[in-house]
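I have placed the structure first, in the form of structure tokens, so that the comments after it can refer back to it.
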Amino acid sequence: MEKELIIIKFGGSLITDKSSDTPKINNNNLESISNILNQSKYDLIIVHGAGSFGHPIAKKFNIAKGLNDDIAQKNAIKETREQVRELNRIFCNSLHKVGMKTKKIVPSSSMTTNGPKEIVDFPYNLFSKALSENKVPVTFGDVTDDKLQGISILSGDILMMKLAEYYKPSYSIFVMDYPGVFDGNPDNPNSKIIPIVNQETIKILKNQKDNENIADVTGGLIGKIECGIEMAEYGDTWITNLDSLNDFFNNKPSGSKVII
């Protein structure tokens, strides 16, 4: 009998110290992730962010804005790709320690983009082949060759969208630092989790972003919700944290459910 599928995106700030200017792993979280994922009930596809292995250097050299003539940027592109591959290697090795078999799928060597939100000829065959071999495909945000601007940053959120549309999983899960989407600053004890998230939630978050100093929290979150709304057409889509992840394997999801 074929197993049901869960697709999970681990945020870069969860598996690395995103505030660090140099690559730095969060070993405790990686160990927890590996122990939770080591189950046999569901097939898995894993996506992870770059955190401190990609963001600082990509920002410094404006990689998201496309290729320029600066030789320093070309070196930065090479270094960024090496760093995110190293993070992927560390992530996969952590899964290997608990006996899981993985297949690394590197976007910069298997995908081309047409702008940051469109992937040309998505290599579904690589993911399907890994699943057929009882391996966990593990992919990640990366710097891809781009038809419009020479180079682009392909985010893990866009990878999640494409995978959810194709595989229609039982659950698509964004695992972040907080246990869901909050109606205010998540660090404020008076803020509450919004159990159902939709387009109206984006308006609320944009108002917060305008009125409070929480742009770092809401900026990336709004993009995830926008992706999640599209993904909700193909299966249950959630935003949650690491402490709640195991609940999904017991079919007791918690956090914020994203709906159309």
Side-chain angles (χ1 to χ4, degrees), residues 6-14 18 45-51 54-55 58-59 63-66 107 111 113-120 122 139-144 146 148-149 152-186 191-212 214-241 244 248 253-260:
I6 294 179
I7 304 176
I8 310 173
K9 157 77 186 300
F10 294 100
S13 60
L14 193 73
K18 195 172 179 178
I45 296 177
I46 304 300
V47 182
H48 66 78
H55 288 273
K59 183 178 179 181
I63 292 175
K65 294 181 179 179
M111 304 178 202
T113 47
N114 195 33
K117 294 186 177 181
E118 183 183 343
I119 302 168
V120 181
F122 194 98
T139 191
F140 51 93
D142 200 357
V143 180
T144 48
D146 187 90
L148 294 181
Q149 54 184 38
S152 186
I153 294 178
L154 174 61
S155 78
D157 296 349
I158 300 299
L159 290 164
M160 285 286 284
M161 275 179 52
K162 296 294 289 185
L163 290 165
E165 180 182 2
Y166 185 80
Y167 288 102
K168 298 174 177 58
S170 297
Y171 295 113
S172 296
I173 311 167
F174 291 95
V175 185
M176 301 175 63
D177 298 312
Y178 298 100
V181 179
F182 284 78
D183 60 4
N185 191 325
S191 296
K192 295 180 177 62
I193 291 176
I194 304 172
I196 300 294
V197 170
N198 54 23
Q199 288 286 358
E200 288 301 312
T201 313
I202 293 176
K203 294 177 185 176
I204 293 170
L205 292 176
K206 284 182 175 176
N207 283 335
Q208 289 178 16
K209 192 174 179 182
D210 291 339
N211 298 325
E212 299 182 48
I214 55 170
D216 286 344
V217 175
T218 61
L221 185 56
I222 289 170
K224 280 178 179 55
I225 294 171
E226 288 172 340
C227 289
I229 289 170
E230 292 197 34
M231 292 162 59
E233 182 179 346
Y234 308 107
D236 280 9
T237 302
W238 291 78
I239 296 173
T240 191
N241 69 349
S244 302
F248 288 83
S254 61
S256 297
K257 185 176 182 179
V258 186
I259 65 171
I260 299 171

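Residues that satisfy the side chain to side chain donor-acceptor pair (under 3.5 Å) test with K117, not counting sequence neighbours, are absent from this structure. Remark: Y167 pairs with no residue by the ring pair (Phe, Tyr, Trp, His ring centres under 6.0 Å) rule, at least two apart or across chains. Residues passing the side chain to side chain contact (heavy atoms under 4.5 Å, CB included) test with S155, sequence neighbours excluded: D157, I158. Qualifying side chain to side chain contact (heavy atoms under 4.5 Å, CB included) partners for Q149, counting only residues two or more places apart in sequence or in other chains: D146, S152. Taking N241 as the reference, P179, D243, S244 meet the side chain to side chain contact (heavy atoms under 4.5 Å, CB included) condition, with sequence neighbours excluded. For K168, there are no salt bridge (Lys or Arg N to Asp or Glu O under 4.0 Å) partners two or more places apart in sequence or in a different chain. D177 meets the side chain to side chain contact (heavy atoms under 4.5 Å, CB included) test with S13, L14; sequence neighbours excluded. In this view, F10 and F91 satisfy the ring pair (Phe, Tyr, Trp, His ring centres under 6.0 Å) rule, not counting sequence neighbours.
When every heavy atom of E226 is checked against every heavy atom of I202, the shortest pair comes out as CG-CD1, 3.5 Å. Nearest approach of F122 to L159, heavy atoms of both residues: CE1-CD2, 3.9 Å.
You'll find the side chain of L154 stays beyond 4.5 Å of the side chain of V143, heavy atoms only. No side-chain heavy atom of V120 sits under 4.5 Å from any side-chain heavy atom of T113. Contact annotation: the side chain of K9 approaches that of K224 to within less than 4.5 Å [non-hydrogen atoms, C-beta and beyond]. With a 4.5 Å cut-off on side-chain heavy atoms, F248 and I8 do not count as touching. No side-chain heavy atom of N198 sits less than 4.5 Å from a side-chain heavy atom of I260.
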Distance-only check: which donor-acceptor pairs under 3.5 Å involve side-chain atoms of residues 231-239, not counting sequence neighbours?
from : atom 1 : to   : atom 2 : distance (Å)
T237 : OG1    : G235 : O      : 3.1

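Although no hydrogens or angles enter the test, the distance criterion places no donor-acceptor pair under 3.5 Å between the side chain of S256 and the main chain of G180.
Between atom OG of residue S191 and atom OH of residue Y178 there is a gap of 10.0 Å, rounded to the nearest 0.5 Å. Atom CZ of F182 sits about 12.0 Å away from atom CG of L205, to the nearest 0.5 Å.
Below 30°, between 30° and 60°, or above 60°: for F140 and H48 the angle between ring planes is below 30°, a parallel geometry.
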